[in-house]
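Just so we're clear, the structure is a prediction, and the values are computed from it rather than from any experiment. Every number for a ligand or one of its atoms is a count from 1 in the order of the listing.
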Amino acid sequence: MIPINMPIIGDEEKNEVMKVIMSGQLTTSSIEGGQYTQKFETSVKSFLNVKHVFALNSGTSSLYAALLSLNIQEGDEVLVPSFTFLATANAVLLVGAKPVFVDIDLTHYTIDPKDLKNKITVRSKAIIPVHLFGHPADMDKIMEIAQKHDLRIIEDAAQSLGAKYHEHQTGSLSDIGCFSMYPSKIITSGEGGFVSTNDDALADKLKLIRNHGISQSSDVKILGSNLRLPQMEAAIAYIQMSKLHSFLKVRRRNAEILNDLLSDLNGITLPSEAEGCLSNWYLYTVALEKNRDKILKNLLSNRVGAAVYYDPPIQKTPFYITAGYDKLILPNTDNVSKRVLSLPVHPNVSEDDCVHIASTFKTALESAK
Ligand SMILES: Cc1ncc(COP(=O)(O)O)c(C=O)c1O
């Protein structure tokens, strides 16, 4: 089976992990983080070209910390897409605020600025655009709306490390960027994540929030939690950063091969890049006119680890139905969630694998008719 995504860990990561184990310092509660945390943060800062980066123990923790740092709380509303991973909305609930779901656009499946405007109320405090599948959201329009209505922006860049919006790295465009290093992601540390910001005041708060609000001894300034990234994970992440450019290069090559080999098919929309945008090709996601589930089954039985993200969308999951979202209609989200399918393009997919994936896909599409 060619999996949809996989962690790519080499001897370099293993050697650094051994060094951490031998050092005996597996983590630290110091406000600045441990040696590897700091090395990792310096490397990400230069890649993203931002002033501050803090490593945290997951992408979910990053969203949670970002919301806390902006004082989002009970009574506030946060505008989020429903066509995303659960964490985007769960983090809003975790700080006591209400996620307000916004529909997506049909081309890149990211938050739709037109619907965004319709969903703003006096309680709206922030927007969380998700750079879904590694393609940037429509940030100029989103930022214009945010400015007009005095809303903060947290980019959910969990899937978009290395994707660019008009020459800028995603996650560096707004108040705070939130990234994940879960094993399926562009780089991994097992579990892990990080936040980025150019705002000095927010940076001070984020650093405290990751550490129970403690800067020195029990000098507790604000509410925080233990969101620290341990040293073994930070060591893996630091090495993974040195491989990021090569990971991105192979993902793009694979996406281009698939685009080329699948270009003559009917009944399918291939992924594309909006003008001025560069995807990181975290997922290569096609939309089918019909027979999605039959095609998926056929691919899986022929060694192609295709997957569906996201069906159901968040508002249709049992927890959110019980929370009262069952009547919500998001036409594009509901439509797309029944039609999309992602194919593997991660760095361990070879050119030959791409040829196998494309030919299996063509056969599956034909035989599903
Ligand atoms: C869009 C999105 N947001 C948030 C997260 C949460 O990240 P993590 O799993 O590291 O908590 C993920 C990844 O799983 C994600 O894909």
Side-chain angles (χ1 to χ4, degrees), residues 3-7 40 44 53-68 72 78-95 99 101-102 104 108-111 126-137 139 142 153-163 170-171 173-174 176-196 206 209-210 225-230 233-234 236-237 240 251 279-285 307-315 317 320 333 336-337 340 342 345-346:
I4 185 69
N5 252 320
M6 61 186 296
F40 168 67
V44 180
V53 166
F54 301 110
L56 302 176
N57 54 18
S58 73
T60 307
S61 295
S62 308
L63 289 163
Y64 176 63
L67 288 159
L68 279 180
I72 309 286
V78 180
L79 299 136
V80 297
S82 174
F83 194 61
T84 173
F85 180 60
L86 269 173
T88 316
N90 283 356
V92 177
L93 287 178
L94 285 171
V95 298
F101 291 117
V102 180
I104 50 166
H108 298 106
Y109 318 128
T110 52
I111 201 163
I127 308 167
I128 309 185
V130 180
H131 303 303
L132 197 78
F133 306 150
H135 189 284
M139 289 306 288
I142 295 165
I153 302 180
I154 298 169
E155 285 163 84
D156 184 336
Q159 304 182 355
S160 74
L161 179 61
T170 54
L173 300 152
S174 63
I176 303 175
C178 297
F179 295 82
S180 166
M181 295 192 286
Y182 184 73
S184 64
K185 297 297 191 279
I186 299 287
I187 62 164
T188 186
S189 53
E191 296 282 3
F194 51 96
V195 284
S196 59
L206 286 162
I209 287 166
R210 130 175 114 173
S225 184
N226 176 0
L227 307 178
R228 299 183 297 262
L229 186 71
E233 284 78 353
I236 298 173
Q240 289 267 295
R251 282 182 179 275
S279 174
N280 65 0
W281 297 105
Y282 170 64
L283 285 170
Y284 181 93
T285 302
V308 170
Y309 303 101
Y310 293 90
D311 183 15
I314 300 178
Q315 98 269 15
T317 57
Y320 280 84
T333 297
V336 163
S337 75
V340 284
S342 301
V345 285
H346 59 76

- request: Say whether Glu191, considering both its backbone and side-chain N or O atoms, lies within less than 3.5 Å of an N or O atom on ligand 1.
  value: no
- request: Would you mind reporting whether Ser180 and Phe85 have side-chain heavy atoms less than 4.5 Å apart?
  value: no
query: Should you measure from each heavy atom of Ala158, which atoms of ligand 1 turn up under 4.0 Å away?
result: 2 (C), 3 (N), 4 (C), 5 (C), 12 (C), 15 (C)
- prompt: Taking C-beta and beyond as the side chain, do Gln315 and Thr333 meet within less than 4.5 Å on heavy atoms?
  reply: yes
task: Determine whether Thr170 and Glu155 make a side-chain contact, defined as any pair of heavy atoms from C-beta on separated by less than 4.5 Å.
output: yes
query: What atoms in ligand 1 come closer than 4.0 Å to a heavy atom of Thr88?
result: 3 (N)
- prompt: Can you list the steps and then say if Tyr282 with Ser184 is a side chain to side chain donor-acceptor pair (under 3.5 Å)?
  reply: CA-CA 9 Å; Tyr282 170 64; Ser184 64; 3.0 Å; yes
- prompt: What are the two closest non-hydrogen atoms of Phe194 and Ala55, and how far apart are they?
  reply: CB-CA, 3.9 Å
- prompt: What part of Thr60, side chain from CB on, backbone N/CA/C/O, both or neither, has a heavy atom under 4.0 Å from ligand 1?
  reply: both
- request: For the residue pair Tyr320 and Asn90, establish whether any side-chain heavy-atom pair is separated by less than 4.5 Å.
  value: yes
query: Going by heavy atoms in the side chains, are Thr60 and Tyr182 under 4.5 Å from each other?
result: no
message: Which of the numbered atoms in ligand 1 are under 4.0 angstrom from any heavy atom belonging to Phe85?
response: 2 (C), 5 (C), 12 (C), 13 (C), 14 (O), 15 (C), 16 (O)
message: What protein heavy atom lies closest to atom 14 (O) of ligand 1? Include the residue and the distance to one decimal.
response: Lys185 NZ, 3.1 Å
query: Any idea which atoms of ligand 1 are less than 4.0 Å away from a heavy-atom of Val130?
result: 1 (C)
field: ligand 1 atoms in contact with Thr84 (distance to a heavy atom under 4.0 Å)
entry: 1 (C)
Sub-4.0 Å heavy-atom approach of Ser62 to ligand 1: no
Close-contact set for ligand 1 against Ala87 heavy atoms, below 4.0 Å: 4 (C), 5 (C), 6 (C)
field: Asp156 N/O under 3.5 Å from ligand 1 N/O
entry: yes
- request: Report the nearest protein non-hydrogen atom to atom 16 (O) of ligand 1: residue, atom name, distance rounded to 0.1 Å.
  value: Gln159 NE2, 2.9 Å
field: Contact atoms of ligand 1, heavy-atom distance to Gly192 under 4.0 Å
entry: 10 (O)
query: Does the side chain of Ile111 reach to within under 4.5 Å of the side chain of Ile128, using non-hydrogen atoms?
result: no
message: With heavy-atom distances below 4.5 Å as the criterion, would you say the side chains of His346 and Pro3 are in contact?
response: yes
